[in-house]
Amino acid sequence: MMNSNTWQLLKHIPHGLLETTAKDLHQILDKPTLLHLPGRRQSSVFVSVLLHGNEDTGWQAMQQLLQHYQTHTLPRDLLLLIGNVDAAREGLRCLPEQPDYNRVWPGGSAADGPEQQMMQDITDYARQQNLAMSVDIHNNTGLNPHYACINQLEQRFFHLATLFSRTLVYFIKPIGVQSLAFAPLCPAVTIECGPVGTQFGIQHAQEFINACLHLNEWPDHPVAAHDMDLFHTVGVIKIPSSINFDVGNNASEVCFDADLDHLNFRELPINTPLATVHTEQRPVLEVWDEQGRECAADYFKVENQTLITCNTFMPSMFTLDTRIIRQDCLGYIMERLPHS
């Protein structure tokens, strides 16, 4: 067992862990914990869950999977990172005094701190374990299909991602995320399993991880273009801190439509309305592209007190959760990426 002030390494499953909800994990694990569990093959699958404490589908999926393997040997070594147990206790993405646990991995721009050092240490340990692949499991708050995110346009990444979904999203921003840190080490994906609390999301994640554990080798052939829908995230949409906003509340300076999340993964034509605007302050949205350029004017404008699109694009992860919007973002701008 390895311990530090911020995280611990265990090579066994503590008693009662597989029967404990995310909210009660702190009663067994007092800090982020990496479980290193042996399997028949000494090539490891790395899985991270609860990097956001309010997204527990990954934990429930791994609980069910490991309950099965209590009476069977794992097909290969498993490295399971159980992340922000303190935030999970409160049902929050992260605690107010904490950084986002999926923005502090190696390669990020956040100032050095204990969380950054923790993720560096975990990455260094994983690097030594003959990594076969890496999976980070997440939920999202808006209406989105299940999809997989990749950070390299390479066939092994395509094969891994399409085991989960034919819908793939390629991104290189934001930095400091788990999949970007592990992409130089092995094929790495982030899987988005829809809203918290859906049995389909839990089952889908469990089946995917089980498939990863059984995957013996990467196919020689490329993934056919007709077997995946590939998108590229070209910008992140944020709301300036000086703007008062809400969803469905017309008394706010910017009132977003109550069905905003129904627009996710749909091609939005020019002049699509998104919000009612009751302020003269501009801009009411910011869009930051991969080069760090602010480019909201390329996508949005305000006409007759209505925020509308001025370019065609496809959004993802539009959410109605104002806390998440303020902590992270309103959503992302994507475009189709040709694949041959």
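Here the straight-line distance linking atom CG of Leu168 with atom CD1 of Ile150 works out to 5.0 Å at 0.5 Å rounding. Residue Asp56 holds its CG atom at 11.0 Å from SG of Cys193, rounded to the nearest 0.5 Å. Considering CZ of Arg41 and CG of Leu215, their distance stands at 8.0 Å, rounded to 0.5 Å. Rounded to the nearest 0.5 Å, atoms CG (Asp289) and OG1 (Thr233) are 12.5 Å apart. In this structure, CG on Leu17 lies 10.0 Å from CD on Gln67, to the nearest 0.5 angstrom. With values rounded to the nearest 0.5 angstrom, Asn151 atom CG is found 6.5 Å from Thr190 atom OG1.
Between Asp328 and the choices Lys238, Arg323, Arg103, the side-chain hydrogen bond (donor to acceptor under 3.5 Å, both in side chains) rule is met once, by Arg103. Phe208 pairs in a side-chain contact (heavy atoms from CB on, under 4.5 Å) with only one of the listed residues (Leu213, Val47, Leu160), which is Leu160.
Between Glu290 and Phe171 there is no side-chain heavy-atom pair separated by less than 4.5 Å. Thr123 is listed as a side-chain neighbour of Leu185, based on a closest heavy-atom distance under 4.5 Å. You'll find the side chain of Ile270 reaches within 4.5 Å of the side chain of Thr312, heavy atoms only. Taking the side chain as every heavy atom from C-beta outward, Gln64 and Ile202 approach each other to under 4.5 Å. Looking at Leu285 and Phe245, their side chains never come closer than 4.5 Å, going by heavy atoms from C-beta outward. The shortest side-chain heavy-atom distance between Leu29 and Pro14 falls under the 4.5 Å cut-off. Looking only at side-chain heavy atoms (C-beta outward), Ile28 and His15 stay at 4.5 Å or farther from each other. Looking only at side-chain heavy atoms (C-beta outward), Leu74 and Arg40 stay at 4.5 Å or farther from each other.
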Checklist entry - Is there a side chain to side chain contact (heavy atoms under 4.5 Å, CB included) between Tyr170 and Phe157 once you walk through the steps? => result CA-CA 10 Å; Tyr170 165 71; Phe157 287 71; over 6 Å; no
Item to check | side chain to side chain contact (heavy atoms under 4.5 Å, CB included) assessment of Thr162 paired with Asp227 | outcome: CA-CA 8 Å; Thr162 53; Asp227 286 337; 5.9 Å; no
Item to check | Step-by-step side chain to side chain donor-acceptor pair (under 3.5 Å) determination, Asn210 to His68 | outcome: CA-CA 10 Å; Asn210 202 33; His68 167 76; 5.9 Å; no
Item to check | Residues Ser43, Asn130; criterion side chain to side chain donor-acceptor pair (under 3.5 Å); working and verdict | outcome: CA-CA 5 Å; Ser43 62; Asn130 190 21; 4.8 Å; no
Item to check | Chi angles and distances behind the side chain to side chain contact (heavy atoms under 4.5 Å, CB included) call for Leu25, Leu50 | outcome: CA-CA 11 Å; Leu25 275 172; Leu50 291 172; 3.4 Å; yes
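Counting side-chain heavy-atom gaps under 4.5 Å among Ile, Leu, Val, Met, Phe, Trp and Tyr, the cluster of Phe265 also holds Tyr147, Val169, Phe231, Val236, Trp288, Met314, Met317, Tyr332, Met334.
With sequence neighbours left out, Asn264 forms a side-chain contact (heavy atoms from CB on, under 4.5 Å) with Asn144, Asp261, Pro315, Phe318. Val284 is linked by a side-chain contact (heavy atoms from CB on, under 4.5 Å) to Ile243, Val254, Val277, Thr279, Arg282, Val302, Leu307, counting only residues two or more places apart in sequence or in another chain. With sequence neighbours excluded, the residues forming a ring-ring contact (aromatic ring centres under 6.0 Å, His included) with Tyr299 are Phe313, listed by chain and number. Remark: Glu335 engages His232, Val234 in a side-chain contact (heavy atoms from CB on, under 4.5 Å) (not counting sequence neighbours). Listed by chain and number, the residues in a salt bridge (charged side-chain N to carboxylate O under 4.0 Å, His left out) with Arg336 are Glu267 (sequence neighbours excluded). Evaluation of the salt bridge (charged side-chain N to carboxylate O under 4.0 Å, His left out) rule for Asp298 yields Arg293 as partners, not counting sequence neighbours. Residues satisfying the side-chain contact (heavy atoms from CB on, under 4.5 Å) test with Asn54, not counting sequence neighbours, are His52, Arg93, Ile324. When the salt bridge (charged side-chain N to carboxylate O under 4.0 Å, His left out) test is applied to Asp124, the partners found at least two apart in sequence or on another chain are Arg127.
The cluster map of Ile, Leu, Val, Met, Phe, Trp and Tyr, joined by side-chain heavy atoms under 4.5 Å apart, puts Val177 and Met118 in different clusters. Clustering ILVMFWY residues whenever any of their side-chain heavy atoms sit less than 4.5 angstrom apart, transitively, puts Val85 in the very cluster that holds Ile137. Cluster annotation: Leu143 and Val196 are assigned to distinct hydrophobic clusters (Ile/Leu/Val/Met/Phe/Trp/Tyr, side-chain heavy-atom contacts under 4.5 Å, transitive). Note on Leu95: it does not cluster hydrophobically with Tyr101, by side-chain heavy-atom contacts below 4.5 Å among ILVMFWY residues. In terms of hydrophobic clustering, with Ile, Leu, Val, Met, Phe, Trp and Tyr side chains grouped at heavy-atom distances under 4.5 Å, Ile82 and Leu37 are assigned to a common cluster.
Screening residues 190-215 for salt bridge (Lys or Arg N to Asp or Glu O under 4.0 Å), with sequence neighbours left out, gives no hits. Annotation: salt bridge (Lys or Arg N to Asp or Glu O under 4.0 Å) contacts involving residues 300-315, sequence neighbours excluded, comprise Lys301-Glu303. Contacts classified as salt bridge (Lys or Arg N to Asp or Glu O under 4.0 Å) and involving residues 137-160 (residues at least two apart or in different chains) are given here: Glu154-Arg156.
Residue Glu217 places its CD atom among 12 or fewer non-hydrogen atoms of other residues, nucleotides or ligands, all under 6.0 Å distant. More than 12 heavy atoms of other shown residues, nucleotides or ligands fall within 6.0 angstrom of atom CD in Gln327. Few gaps surround CD on Gln199; more than 12 heavy atoms of other groups in view lie less than 6.0 Å from it.
Counting only N and O atoms by type, the side chains of Gln117 and Thr6 include no donor and acceptor under 3.5 Å apart.
Within the 3.5 Å criterion, the main-chain N or O of Leu66 finds a donor-acceptor partner in the side chain of Gln70. Side chain of Ser179 to main chain of Val189: no donor-acceptor pair is present (N/O by atom type, distance under 3.5 Å, no hydrogens or angles). Judged purely by atom type and a 3.5 angstrom limit, Gln63 uses its side chain to pair as donor or acceptor with the backbone of Leu18. Side chain of Asp86 to backbone of Lys31: no donor-acceptor contact under 3.5 angstrom is found. A donor-acceptor pair under 3.5 Å is absent between the side-chain atoms of Ser44 and the main chain of Phe46, judged by distance alone.
Aromatic ring centres of His12 and His36 lie farther apart than the 6.0 Å criterion allows.
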